[in-house]
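Notes follow once the structure below has been shown.
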Amino acid sequence: MAARLSRHELSDLCLGKPPLRSLSVTDTVADALAALKKIDDNYVTVWNCHHSFIRKQQPQQQTTISKCSTCTCIGKVCMVDIICFLSKPQNLSSPSAALHSPISALLHQTSPLLVRHLPPTASLVEAIDVMHEGVQNLVIPIQNLFECFDSNTLRHNNNSTYCWLTQEDVFRFLLNSIGVFSPTPANPINTLGIIDTQNLFAVCYDDPASSALDLLSLSLVYQSSVAIVDPNGKFVGEISPFRLNSCDEAAVPAMATLSAGDFTSYIDCGGPPEDLVQLVKERVEEKNLLELLHDETGLCSWSSFSSSCSSDEESCSGKNWKLGGYSGRVGRRSEAIVCYRWSSLVAVMIQALAHRVSYVWVVEEDGTLTGIVTFQGMLKVFRDHFKSMC
């Protein structure tokens, strides 16, 4: 049964996947911002060609395209990338100029390593192998015998369209056959060697939210999050990329002016409390951050931040940890997803998949933060199982 599962082709996992929305490496940060506001996905892909769904190709670009024999996805960007970029000190003073920076300014130096092209005939084991190396998204050509996409679907050279597979897609597929791997899924995670204590990103509750900027960028690479701890190392919350992706550029003033603890309350799915809104307004005025931001869709102002984050209940799902009473505001915050070192692998998988996150924090009974379990770490267990059959 396990051998048959390993022989599944990636085309089996791609059924029903929509075509990717693509941006060109020649696009700008403003283009990426406009694109992310138009699509449902948290990410938009960046390609080495001039194909961009946000812009119509200019006549002068056609020559360049004809010289480019292969269109290749070189990375992906999300709203967290944009918020972190605009929150840098040099960009706070000139946000309009920052928005007109090339989109390459948003790409992490490891971005080309996070995406990889694979043929639809590649096996599930091949996918797990490359994801174990750190690849987050597999770009797969869509094989469709019938024209099922509308005329606005962006096509790359050779008239190709692409979709992608994420680590979450692979885990959902594996979960459907979890019994094949018995008894491993029932084992505690501390016996499987998948609790990461090295790449654990955390800031203190009273630290400036801006001190988490570099950690947030790293958390995108590791598909994790930034924990918030009290002075005793107790876990009290997180600055979650998952939650921050539901915001927009108007969250930048809060990132620049609030503490880490207050910032998590500010972006909470219940909406920012009025006292924090007023506090940000006052500090924005003190720091002279009221310059208008110009993007391709019009004007928006730093002062429009009070409704910067979506309050959709879907983006607030996933609550199984009582954060405690470190702050009067902590209790109203969306609760982070945690487990214990004796939690089973399958339980942790289900937690992550149910709440659409790629990680679960590991805490002790007293709330002390001790580690994190990510999809990449869990993939190692299934990879080892498949390799043992060879």
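Computed from a prediction, not measured in an experiment: that's the story for all the values here.
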Within residues 85-112 or reaching into it, pairs that qualify as salt bridge (Lys or Arg N to Asp or Glu O under 4.0 Å) - sequence neighbours excluded: none

Tell me whether the rings of W361 and Y359 are parallel (<30°), tilted (30 to 60°) or perpendicular (>60°). perpendicular

Scan for salt bridge (Lys or Arg N to Asp or Glu O under 4.0 Å) pairs involving residues 130-141, sequence neighbours excluded, and state none if there are none. R116-E133

Residue pairs passing the salt bridge (Lys or Arg N to Asp or Glu O under 4.0 Å) test with at least one member in residues 250-259, sequence neighbours excluded, are none

Go through it in stages, so that I can follow the logic: the residues are V280 and L258, the test is side chain to side chain contact (heavy atoms under 4.5 Å, CB included), and I'd like the CA-CA distance, side-chain angles, deciding distance and then a yes or no. CA-CA 7 Å; V280 174; L258 294 177; 3.7 Å; yes

Please set out all donor-acceptor pairs under 3.5 angstrom arising from side-chain atoms of residues 209-220, sequence neighbours excluded.
unit_1: S211; atom_1: OG; unit_2: P208; atom_2: O; d: 2.5
unit_1: S217; atom_1: OG; unit_2: L213; atom_2: O; d: 3.4
unit_1: S219; atom_1: OG; unit_2: L216; atom_2: O; d: 2.6

Tell me if the OH atom of Y222 is crowded by more than 12 foreign heavy atoms within 6.0 Å. no

Given side chain to side chain contact (heavy atoms under 4.5 Å, CB included), test L113 with V135 step by step and report yes or no. CA-CA 6 Å; L113 305 178; V135 173; over 6 Å; no

For S344, which residues count as a side-chain contact (heavy atoms from CB on, under 4.5 Å) partner, sequence neighbours excluded? V346, A347

Consider side chain to side chain contact (heavy atoms under 4.5 Å, CB included). Of D169, T121, I140, which one does L10 pass it with? I140

Is there a path of hydrophobic side-chain contacts, each under 4.5 Å between heavy atoms of I/L/V/M/F/W/Y residues, joining L15 to L118? no

Tell me whether the count of non-hydrogen atoms from other residues, nucleotides or ligands lying under 6.0 Å of NZ in K380 goes above 12. no

Give a yes or no on whether a salt bridge exists between E168 and R172, defined as a side-chain N under 4.0 angstrom from a carboxylate O. yes

Could you tell me whether the side chain of R341 and the main chain of V362 form a donor-acceptor pair under 3.5 Å? no

Can you list the residues that meet the side-chain contact (heavy atoms from CB on, under 4.5 Å) rule with D196, with sequence neighbours excluded? Q198, N199, I372

Set out, in order, the CA-CA distance, both residues' side-chain angles and the distance that settles salt bridge (charged side-chain N to carboxylate O under 4.0 Å, His left out) for R21 and D41, then state yes or no. CA-CA 9 Å; R21 297 298 185 95; D41 202 347; over 6 Å; no

So, for P272 and Y266, which heavy atoms are closest and what is the spacing to 0.1 Å? CB-O, 3.4 Å

How about I194 and V381: do any of their side-chain heavy atoms sit closer than 4.5 Å? yes

Please state whether the rings of F382 and F171 are parallel, tilted or perpendicular, taking 30° and 60° as the class boundaries. perpendicular

Could you check Y43 against V115 for side chain to side chain contact (heavy atoms under 4.5 Å, CB included), going step by step and ending with a plain yes or no? CA-CA 12 Å; Y43 288 89; V115 295; over 6 Å; no

